[in-house]
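Encoded as structure tokens, the structure appears first; notes follow it.
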There are 2 protein chains.
Amino acid sequence: MAYTQAQANRFNSKLTSQCQNCSLAALCLPIALVDEDVNRLDQIIERKRPLKKGELLFRQGEKFDSVFAVRTGTLKTFNLTGNGEEQITGFYCPSELLGLSGIDNDIYPVSAKALETTTVCEIPFSHLEALSEQIPSLKRQLFKIMSRKICNDQDMMVLLGKKSADEKVASFLINLSDRFKRRGYSATAFRLSMSRGEIGNYLGLAVETVSRVMTRFQKNELIQVEGKEITLINIEDMQKLVGKNEECDSILKFE
Amino acid sequence: MAYTQAQANRFNSKLTSQCQNCSLAALCLPIALVDEDVNRLDQIIERKRPLKKGELLFRQGEKFDSVFAVRTGTLKTFNLTGNGEEQITGFYCPSELLGLSGIDNDIYPVSAKALETTTVCEIPFSHLEALSEQIPSLKRQLFKIMSRKICNDQDMMVLLGKKSADEKVASFLINLSDRFKRRGYSATAFRLSMSRGEIGNYLGLAVETVSRVMTRFQKNELIQVEGKEITLINIEDMQKLVGKNEECDSILKFE
DNA sequence: TCAGTTTATTGATTCAGATCAGAAAACGAC
DNA sequence: GTCGTTTTCTGATCTGAATCAATAAACTGA
């Protein structure tokens, strides 16, 4: 059931030529499918109307039926704790997949909200599952995507449990940088679509601490801050700061 | 492809009558398989020789080829950070599955070590994957297990990022209690197979803090501590302490 | 455009939990 | 059993980040 390199290339060129296929990229980029399979996959994907900033894509407790691939914009997932405050569990950039945690109970355990105008593709999970029966490499890919999510979350657990404020913020920025880079954007200059408050919430820090760390990083010429625009000036020293180790280079990997 | 309740019952009784099938329980308990499928699943599972305390089941960086179901005993998974110290990412009790995070890169991203004499069943992932092609409900179950793991890890992230030392320790004890209960053991009296140090490492706390919190809990008559033996005296107040909310009753769910 | 609101920054103070230090208990090997 | 090691407990001190407080900057919408 192996696909040839030629097929893989055909698939990749098809992907890049079809802008609306960001969602396919999210699902398949590392694997090779024949055109016919790509078309079958494309057929089950629905493009949704854009979400405005603040709109919910799905709500905690709602029935699960789809996973979503981000096409443009950014979302956050969060849940509401006992006393009503929100706890952010992740940020999702273009080409990333969200909603996987709903499979377990057929209910989304978190809500997803757009941080800016955002477009997503909806992938009904029952269709995806059915299709994965016919395309073994797709099933394998789904397992891999979920496994990667587990790895990333565990890295995040280490970050939250053991790292200092400096290390947390540095890891966060480097992680974003990696994700932008992977999508072909600048790894050194980008815009934070989330507020300092949301960063702090996600990293287990107070807003003030996030702000202080970032100004300190600026003073030490690690980064350049202009409101939400960030430029990483000295990535090497930042990476030293996060204490990333060699063999497992994946503090906070891409979803 | 739905199975009848009768079939489910047959499956369950088969499971409970066959002690060595803890591993089957780990994989399938919530789903119903016909006998034939149970047998096929049973065939791919290998029982391994027992691990002595301190022995490694697999090692960070090693090639991934199997997931494991714990039959008796307990394991921890951990990785080594840049400066050589270990970071525990999970504890695994009987009937729980570990190794799923290896699927992503075909390499285990963590090591797994026995905390006491431990027996496990090895489930070669390629066989499991092949079998899941023939048994759709098994594939669905694998997705669910991985999704549940993602949910649990996210709860853990909230715990690490936002909770106080008291809340962390209380959540940990309640989580263990739930896991023992689910397996039919006492939910109120059990033995901690991990040291205070390991609990602290896992929860992002110093050993001394774990010790202090537990003695304080004892003074407040929430628990009874006798070395590694723990009795939960007042679970209701403990649950209040962790601030668990109603709709999402899963602070630190079972893997 | 400007008032009203949210978000970000900066400083002063406080506190939960880390770290340091030492005693007591438990465990393991012989 | 006994010695040596590891684990656990308890107290005293220190510190990183939270909290409190106030200002400045950036949006928002009429």
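Lettering follows sequence order; numbering is per chain, from 1. All values below were derived from every heavy atom in this structure, side-chain atoms included, with hydrogens, water molecules and symmetry-related copies excluded.
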Pair B/Lys162 + A/Glu85: basic N to acidic O under 4.0 Å: no
B/Lys149 with B/Asp153: basic N within carboxylate O range, under 4.0 Å: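 Here B/Lys149 pairs with B/Asp153 in a salt bridge, since their nearest N and O are under 4.0 Å apart.
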Selection: residues 212-229 of chain A, any non-hydrogen atom under 4.0 Å of DNA chain C: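 Here the set is A/Arg212, A/Thr215, A/Lys228.
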Contacts of type salt bridge (charged side-chain N to carboxylate O under 4.0 Å, His left out), residue A/Glu86, not counting sequence neighbours: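 Per chain and number, A/Glu86 pairs via salt bridge (charged side-chain N to carboxylate O under 4.0 Å, His left out) with A/Lys76.
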Partners passing salt bridge (charged side-chain N to carboxylate O under 4.0 Å, His left out) against A/Lys113 (at least two apart in sequence or in another chain):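 Salt bridge (charged side-chain N to carboxylate O under 4.0 Å, His left out) check on A/Lys113 returns nothing, list empty.
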Overall bend - the helix from C/dT1-D/dA30 to C/dC30-D/dG1, comparing terminal axes fitted on five pairs, nearest 10 degrees: 60°
Any residue meeting ring pair (Phe, Tyr, Trp, His ring centres under 6.0 Å) with B/Phe217, in chain and number order, not counting sequence neighbours: none
Could you go through residues 221-238 of chain B and list every donor-acceptor pair under 3.5 Å that involves a side-chain atom there, pairing it with any protein atom two or more places apart or in another chain?
residue, atom, partner, partner atom, Å
B/Asn234, OD1, B/Asp237, N, 3.1
B/Asn234, ND2, B/Asp237, OD2, 3.1
B/Asp237, OD1, B/Lys240, NZ, 3.1

Positional range of nucleotides in DNA chain D within the contact set of chain A, heavy-atom, under 4.0 Å: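 Counting from the 5' end, contacts occupy D/dA17 to D/dC20.
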Can you name the residues that form a side chain to side chain contact (heavy atoms under 4.5 Å, CB included) with [X], not counting sequence neighbours?
{"X": "B/Lys52", "value": "B/Glu55"}
{"X": "A/Ser211", "value": "none"}
{"X": "A/Ser111", "value": "A/Leu56, A/Arg59, A/Gln60, A/Phe78"}
{"X": "B/Ser186", "value": "B/Thr188, B/Ala189"}

Residue-phosphate contact under 4.0 Å: B/Thr209 side-chain N/O, C/dA18 OP1/OP2: yes
Sugar-phosphate, base or nothing in reach of B/Gly200, heavy atoms under 4.0 Å: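 The residue B/Gly200 makes no contact with any strand.
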Write down the distance between [atom1] ([X]) and [atom2] ([N]), rounded to a whole number of angstrom.
{"X": "A/Arg191", "N": "C/dT7", "atom1": "CZ", "atom2": "C1'", "result": "13 Å"}
{"X": "B/Leu203", "N": "C/dA18", "atom1": "CG", "atom2": "P", "result": "11 Å"}
{"X": "B/Lys163", "N": "C/dG17", "atom1": "NZ", "atom2": "P", "result": "13 Å"}
{"X": "A/Asn201", "N": "C/dA8", "atom1": "CG", "atom2": "P", "result": "13 Å"}
{"X": "A/Arg196", "N": "C/dT10", "atom1": "CZ", "atom2": "C1'", "result": "14 Å"}

Intermediate values then yes/no, side-chain contact (heavy atoms from CB on, under 4.5 Å), B/Asn79 and A/Gln154: CA-CA 10 Å; B/Asn79 49 32; A/Gln154 290 192 351; over 6 Å; no
Parallel, tilted or perpendicular: rings of A/Phe68 and A/Tyr108 (30°, 60°): tilted
Residue met sooner reading DNA chain C from 5', once A/Ser195 and B/Glu208 are mapped to nucleotides: A/Ser195
Every protein N/O within reach of nucleotides 28-30 of chain C N/O, cut-off under 3.5 Å:
none

Over 12 foreign heavy atoms within 6.0 Å of NZ, A/Lys63: yes
